[in-house]
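Just so it is clear: chains get the letters A, B, ... in the order the sequence lines come, proteins before strands, and each one is counted from 1.
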Protein chains: 2
Amino acid sequence: MFLKTTEYALRAVLYIARESHEDRRVSLAAVARAIGSPASFTAKIMQQLSRDNRIVCSVRGPGGGFYMTPASRQLPMQAILEAMGEEHLMTKCVLGLRQCSEKQPCPMHEAYQPVKAGLMRLFTHHTIGEMAGEPEWRKRLQQKRRPGLKR
Amino acid sequence: MFLKTTEYALRAVLYIARESHEDRRVSLAAVARAIGSPASFTAKIMQQLSRDNRIVCSVRGPGGGFYMTPASRQLPMQAILEAMGEEHLMTKCVLGLRQCSEKQPCPMHEAYQPVKAGLMRLFTHHTIGEMAGEPEWRKRLQQKRRPGLKR
DNA sequence: TGAATAAAAGACAAAATTATCCTTAATTAT
DNA sequence: ATAATTAAGGATAATTTTGTCTTTTATTCA
Ligand code: FES
Ligand code: FES
C-alpha cells in the first residue's frame with residue numbers, strides 16, 4: 001500500500017502523539033526503537049515530519065527530541081500522508097491510470113469505489129490524536145524482530 | 001497501492017480477457033499498446049502471467065500471441081495478484097506491521113478493517129471476466145500519454 | 001565561555017523496482 | 001527444409017527506494 005517510509009512515518013507520529021499526550025518529549029533513538037525502524041533512516045523521516053514544525057516539533061541539544069502540540073494532534077491522519085508526499089494513494093486509480101474519476105472510469109472503478117471512499121474516510125475523518133488513542137490494545141506499533149535477521 | 005508491475009498485469013489481463021471473449025488472440029505489441037506500458041517490460045510481465053498457462057495462455061510463432069480460456073476468465077481477480085506475488089497487499093497491516101489481526105491490532109486496525117474487508121471483497125468476489133465486462137464505459141485501460149514525455 | 005548533547009543536513013551505499021536489449025526456442029507458412 | 005514470426009529467457013542498465021555514515025548546527029549545562 002504505502003511506501004515503507006510512509007509506514008514508518010505513520011507509526012512514528014502515532015507514537016509521538018501518544019507520548020506527547022503524556023507531556024513526554026522523545027528522542028530519535030526512542031522513536032526508532034518504538035517503531036522498529038533503523039535509527040538513521042528514521043532520522044530522515046523525522047526531518048520530513050518536523051519540517052516547519054508542521055506535524056511534529058523538534059528541539060536540539062541536551063534533553064531535546066520530538067513532540068507534538070495539541071493543535072497538531074488535531075490534524076487529520078491525512079496530514080502525515082501529505083508530509084510524506086503520498087496523499088495521492090487515497091485517490092489514485094487502482095489500475096494505476098493517471099486519473100480516477102467517473103468521467104473516464106477504468107474497468108475496476110465502479111467496484112473499487114467503496115474501497116477508495118473508505119480509504120479517504122479513514123484518513124480524513126480521524127485525527128492523529130484520536131488514532132493514537134489510549135486503550136491498551138491500541139499500543140502496538142513495533143513488530144517483533146524476525147528471528148535470525150540482524151539489525 | 002500495488003507495484004507498477006502489478007498494475008500493468010491487472011490492465012493486461014483485463015484487456016486480454018476482453019479480447020478473448022471475442023475470440024481474438026493478441027500479440028505482445030498489442031497488449032503493450034493497449035495498456036500503455038513499455039513493450040519489453042510488458043514481455044516480462046506476460047511471462048509471469050502465462051507461466052504454466054495458469055492465467056493467460058501463450059502461443060509462439062506467426063499468428064501467435066496471448067489469450068485466456070473461458071475457465072481462466074472465471075478466476076477471481078485475486079489470481080492476478082497471486083501470479084504477481086502481491087496478494088498480501090489485501091491483508092497486510094496498513095502500518096506495515098508483520099501481521100494484521102485482532103490478536104495484536106495496531107492503532108489503526110479497527111478503523112482500517114472496513115477498507116481491508118473491501119479490498120478482499122474486491123479481489124475475491126469478482127471474476128476476471130466479470131471485471132473485463134462489456135459495457136462501453138468500462139473500456140478504459142490506457143492512460144493518455146503525458147505530453148512531452150518520451151518513451 | 002566551553003564542553004556535551006541531540007537533531008539537521010549532506011554525501012554515499014545497498015537493495016529493490018522498473019526498463020531495455022539480445023539471444024534462444026517454438027510455431028507457422030513457404 | 002528454410003525462412004519468417006512471435007514469445008521465452010537471460011543479461012544488463014537506469015531509477016527509485018531504503019539505509020548508513022559523517023559533518024554541521026542548535027541548545028543546554030557546567
Ligand atoms: S479510474 Fe481506475 S479506480 Fe477509478
Ligand atoms: S494490525 Fe495494523 S491494520 Fe491490522
Side-chain angles (χ1 to χ4, degrees), chain A residues 1-12 16 19 24-33 35-68 83-86 88-89 96 146 149-151, chain B residues 1-13 16 19 24-33 35-68 83-86 88-89 96 143 146 149-151:
Chain A
M1 175 94 73
F2 297 107
L3 293 177
K4 221 161 174 184
T5 317
T6 305
E7 292 174 347
Y8 287 153
L10 290 166
R11 286 161 35 195
I16 296 166
E19 295 300 304
R24 282 191 293 266
R25 192 183 286 177
V26 294
S27 71
L28 171 65
V31 174
R33 200 176 333 113
I35 71 175
S37 95
S40 41
F41 191 44
T42 310
K44 292 300 178 194
I45 294 163
M46 292 316 298
Q47 284 174 31
Q48 289 188 69
L49 291 171
S50 51
R51 188 89 23 127
D52 303 320
N53 287 357
R54 278 193 56 253
I55 300 191
V56 316
C57 305
S58 72
V59 295
R60 306 198 229 195
F66 302 93
Y67 68 96
M68 293 182 71
M84 304 306 293
E86 284 231 278
H88 65 279
L89 208 135
R146 195 180 252 147
L149 247 184
K150 67 197 161 288
R151 170 154 331 163
Chain B
M1 176 95 71
F2 297 106
L3 294 177
K4 220 162 174 184
T5 316
T6 305
E7 292 175 347
Y8 287 154
L10 290 166
R11 289 193 248 166
V13 171
I16 295 166
E19 295 299 303
R24 281 191 294 267
R25 192 182 287 176
V26 293
S27 71
L28 172 66
V31 174
R33 201 178 330 114
I35 70 176
S37 94
S40 42
F41 192 44
T42 310
K44 292 301 180 196
I45 294 163
M46 292 316 298
Q47 284 175 31
Q48 289 188 69
L49 291 171
S50 50
R51 187 92 22 133
D52 304 319
N53 287 357
R54 277 194 54 255
I55 299 190
V56 316
C57 304
S58 72
V59 296
R60 306 198 232 195
F66 302 93
Y67 69 96
M68 292 182 72
M84 305 304 293
E86 284 231 279
H88 65 278
L89 208 137
Q143 46 198 0
R146 194 180 253 144
L149 245 185
K150 63 194 161 294
R151 165 154 338 157

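- Two residues, Arg25(B) and Thr42(B), neighbour DNA chain C, and the one matched to the more 5' nucleotide by heavy-atom proximity is Thr42(B).
- Rounded to whole angstrom, the span from the CG atom of Leu49(A) across to the P atom of dA9(C) amounts to 13 Å.
- Going from atom CD1 of Ile16(A) over to atom C1' of dA6(C) covers 14 Å, rounded to whole Å.
- Taking 4.0 angstrom as the limit, Ser40(A) places none of its side-chain polar atoms (N or O) nearer than this to OP1 or OP2 of dC21(D).
- Between the base of dA9(C) and the side chain of Gln47(A) there is a donor-acceptor pair shorter than 3.5 Å.
- The closest side-chain heavy-atom distance from Met84(B) to Leu3(B) is not below 4.5 Å.
- Nucleotide dT27(D) holds its C1' atom 9 Å from the CZ atom of Arg60(A), rounded to whole Å.
- Nucleotide dT18(C) holds its C1' atom 14 Å from the CD1 atom of Ile35(B), rounded to whole Å.
- The Arg51(A) side chain lies nearest to dA9(C) when the options are dA9(C), dT27(D), dA19(C).
- The line from CZ of Arg11(A) to OH of Tyr8(A) is 6.0 Å long, rounded to the nearest 0.5 Å.
- Of the candidate nucleotides dA7(D), dT18(C), dT20(C), dT20(C) has the atom nearest to the side chain of Pro38(B).
- Comparing dA8(D), dA8(C), dT18(D) by their nearest atom to the side chain of Ser50(A) picks out dA8(C).
- Side-chain contact between Val13(B) and Met68(B): present, with at least one pair of heavy atoms (C-beta onward) separated by less than 4.5 Å.
- Formation of a donor-acceptor pair under 3.5 Å by the Glu86(A) side chain with backbone atoms of Phe2(A) is not found in this model.
- The listed nucleotides are dA7(C), dT17(D), dA26(C); the one nearest the side chain of Leu3(A) is dT17(D).
- Under a cut-off of 6.0 angstrom, the local environment of CZ in Arg24(A) is crowded, with over 12 non-hydrogen atoms contributed by other residues, nucleotides or ligands.
- Among the atoms of the strands shown, only primed sugar atoms or phosphate atoms (P, OP1, OP2) are found under 4.0 Å from some heavy atom of Ser58(A).
- A close approach under 4.0 Å does not occur between any side-chain nitrogen or oxygen of Tyr8(A) and OP1 or OP2 of dT18(D).
- Note: CD (Glu86(B)) to C1' (dT18(C)) measures 13 Å, nearest angstrom.
- Comparing dT28(D), dA26(C), dG19(D) against the side chain of Phe41(A) picks out dG19(D) as the nearest.
- To the nearest angstrom, P of dC22(C) lies 16 Å from CG of Leu28(B).
- Both Phe2(A) and Gly61(B) lie near DNA chain D, and the one whose nearest nucleotide falls closer to the 5' end is Gly61(B).
- Spacing between atom CD of Gln48(B) and atom P of dA7(D) amounts to 17 Å, rounded to whole angstrom units.
- Comparing dT27(D), dT27(C), dT20(D) by their closest approach to the side chain of Lys44(A) singles out dT20(D).
- Between Phe66(B) and Thr5(A), it is Phe66(B) whose nearest contact on DNA chain D lies nearer the 5' terminus.
- Side-chain atoms of Lys4(A) stay outside donor-acceptor range of the base of dG19(D), with no qualifying N/O pair under 3.5 Å.
- Of all non-hydrogen atoms in Ala12(B) and Met46(B), the two that sit nearest each other are CB-SD, 4.1 Å.
- We find that CD1 of Ile45(A) is positioned 15 Å from C1' of dA8(C), with the value rounded to whole Å.
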